[in-house]
Amino acid sequence: MSTHHDHDHDHHDHKHPTQPDVDGPLTYHQRLEIAVRELLIEKGIVTADEVRRAIEAMDARTPAQGARIVAHAWADPAYKKKLLTEPREASLELGVDPGVTKLVVVENTDKVHNLVVCTLCSCYPRSILGLPPDWYKSRAYRSRAVREPRKVMSEFGLEIPDDIAVRVHDSTADMRYLVLPKRPKGTEGWSEEKLAAIVTRDTMIGIAEARIP
Amino acid sequence: MSQARFQPGDRVKVRNAEVVGHMRTPRYIRGHEGEVERICGFFANPEELAYNRHGLPKRALYRVRFDQKKVWPDYQGPAGDTVDVEIYEHWLDKA
């Protein structure tokens, strides 16, 4: 250890911020989760590696899967029809398993704009879009998106004209909603890959519109 | 599993019940009238599943569409704005 320091853990001449340690006391539910997980492993019902793999698989899901589905629907009218009427089959066709909940795809048009929320908790099409953004789970979004959706969207930079109806979907039970955003003008002839790049997570929740960057 | 009691287009009213424990009908929509948009299918009752009961028989689940201006008297937006909520049959009466 260098001699010009009067304490024993800072070996640098300059200070830099460190990641704060998260070693406060566990909450009740954190303790419960650890206890249940350890019991399941101890009793041989699951292995630690299976738990890890499940978390890894969940974290590997990204909005890119949804974007691929939307881009294909934009490019192929027959697929779009299938996506709206048989969303599960359409999703599987592109290799995306929508999971055990039922998928509903709602289409934004010149007359209707769809917005998804779960007021009771944070239901979200995780198997298609991955984990929801933090704001989606916030009490503010959950309570305000049903009550004043136009104001909430405007705070996200999206103004919906009064001649377009706003249709909010409260995902309270067994359905999971995916918004099929409007294909922007000027994207005619684009490849599906190029189209998918402008289909962001927020456009599939309905809090933003797809646009040419 | 039985037949669905309501069909798309039917007018329904959400029961204004106070329930202790796990429920899936948000309070803001109770007592309101809407229109069945679709039958989502039949599912084990999550209000029972939450307590490790089997939740059977399966219940019909509907998507019911409500006019925002009727749900929120001070709603800011045009008349066509709606909110769709998934509601189990045992929460619905004929309107």
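Below, all heavy atoms of this structure are taken into account, side chains as well, without hydrogens, waters or symmetry copies. Chain letters run A, B, ... following the sequence lines, proteins first, then strands; residues in each count from 1.
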Task: Least distance between heavy atoms, T172(A) atom then P26(B) atom - done: CG2-CG, 3.6 Å
Task: N52(B), CG atom: more than 12 neighbouring heavy atoms under 6.0 Å - done: no
- [ ] Show the numbers, then the answer: is there a side-chain hydrogen bond (donor to acceptor under 3.5 Å, both in side chains) between Y28(B) and D170(A)?
- [x] CA-CA 11 Å; Y28(B) 73 86; D170(A) 189 354; 2.6 Å; yes
- [ ] State, yes or no, whether a side-chain contact exists between V166(A) and Q68(B) at a heavy-atom distance under 4.5 Å.
- [x] no
Open item on the list: Any non-hydrogen side-chain atom of V85(B) less than 4.5 Å from a side-chain atom of H169(A)?
Closed with: no
Open item on the list: Taking atom OH as the centre, does Y28(A) end up with more than 12 heavy-atom neighbours from other residues, nucleotides or ligands that are less than 6.0 angstrom away?
Closed with: no
Task: Side-chain touch R65(B)/R167(A), heavy atoms, less than 4.5 angstrom - done: yes
TODO: Evaluate whether atom CD of Q30(A) has more than 12 neighbouring non-hydrogen atoms of other residues, nucleotides or ligands under 6.0 angstrom away.
DONE: yes
Open item on the list: Ignoring hydrogens, what is the shortest heavy-atom contact between V83(B) and V146(A)? Give both atom names and the distance.
Closed with: CG2-CG1, 4.0 Å
- [ ] Work out which heavy atom in A165(A) is nearest to a heavy atom in G80(B); give both atom names and the distance.
- [x] CB-O, 3.7 Å
Task: Residue part contacting chain A, namely of Y88(B), when any heavy atom lies under 4.5 Å - done: side chain
- [ ] Using non-hydrogen atoms and a 4.5 Å limit, figure out which bit of V106(A) sits close to chain B: side chain, backbone, both or neither.
- [x] side chain
Open item on the list: Does D134(A), at its CG atom, have more than 12 non-hydrogen atoms belonging to other residues, nucleotides or ligands within less than 6.0 Å?
Closed with: no
Open item on the list: Nearest 0.5 angstrom please: R24(B) CZ to C123(A) SG, how far?
Closed with: 6.0 Å
Open item on the list: Quick check on I164(A) against chain B: is it the side chain, the backbone, both or neither that has a heavy atom closer than 4.5 Å?
Closed with: backbone
Task: Which portion of T119(A) sits near chain B, non-hydrogen atoms under 4.5 angstrom - done: side chain
Open item on the list: Are there over 12 heavy-atom neighbours, none belonging to R11(B), within less than 6.0 Å of that residue's CZ?
Closed with: yes
Open item on the list: Can you confirm whether R139(A) is buried at CZ, in the sense that more than 12 heavy atoms of other residues, nucleotides or ligands lie under 6.0 Å from that atom?
Closed with: no
Open item on the list: Just checking K70(B): does its NZ atom have more than 12 heavy atoms from other residues, nucleotides or ligands closer to it than 6.0 angstrom?
Closed with: no
Task: P78(B) vs R150(A) side-chain heavy atoms within contact, under 4.5 Å - done: yes
Task: Top contributor to chain B contacts, counting heavy-atom pairs under 4.5 Å, from K111(A), M175(A), E148(A) - done: M175(A)
TODO: Determine whether R147(A) and V71(B) make a side-chain contact, defined as any pair of heavy atoms from C-beta on separated by less than 4.5 Å.
DONE: no
Open item on the list: I want to check something: taking the side chain as every heavy atom from C-beta on, are Y177(A) and D84(B) in contact at a cut-off of under 4.5 Å?
Closed with: no
Open item on the list: Heavy-atom count check: over 12 atoms from other residues, nucleotides or ligands less than 6.0 Å from K69(B) NZ?
Closed with: yes
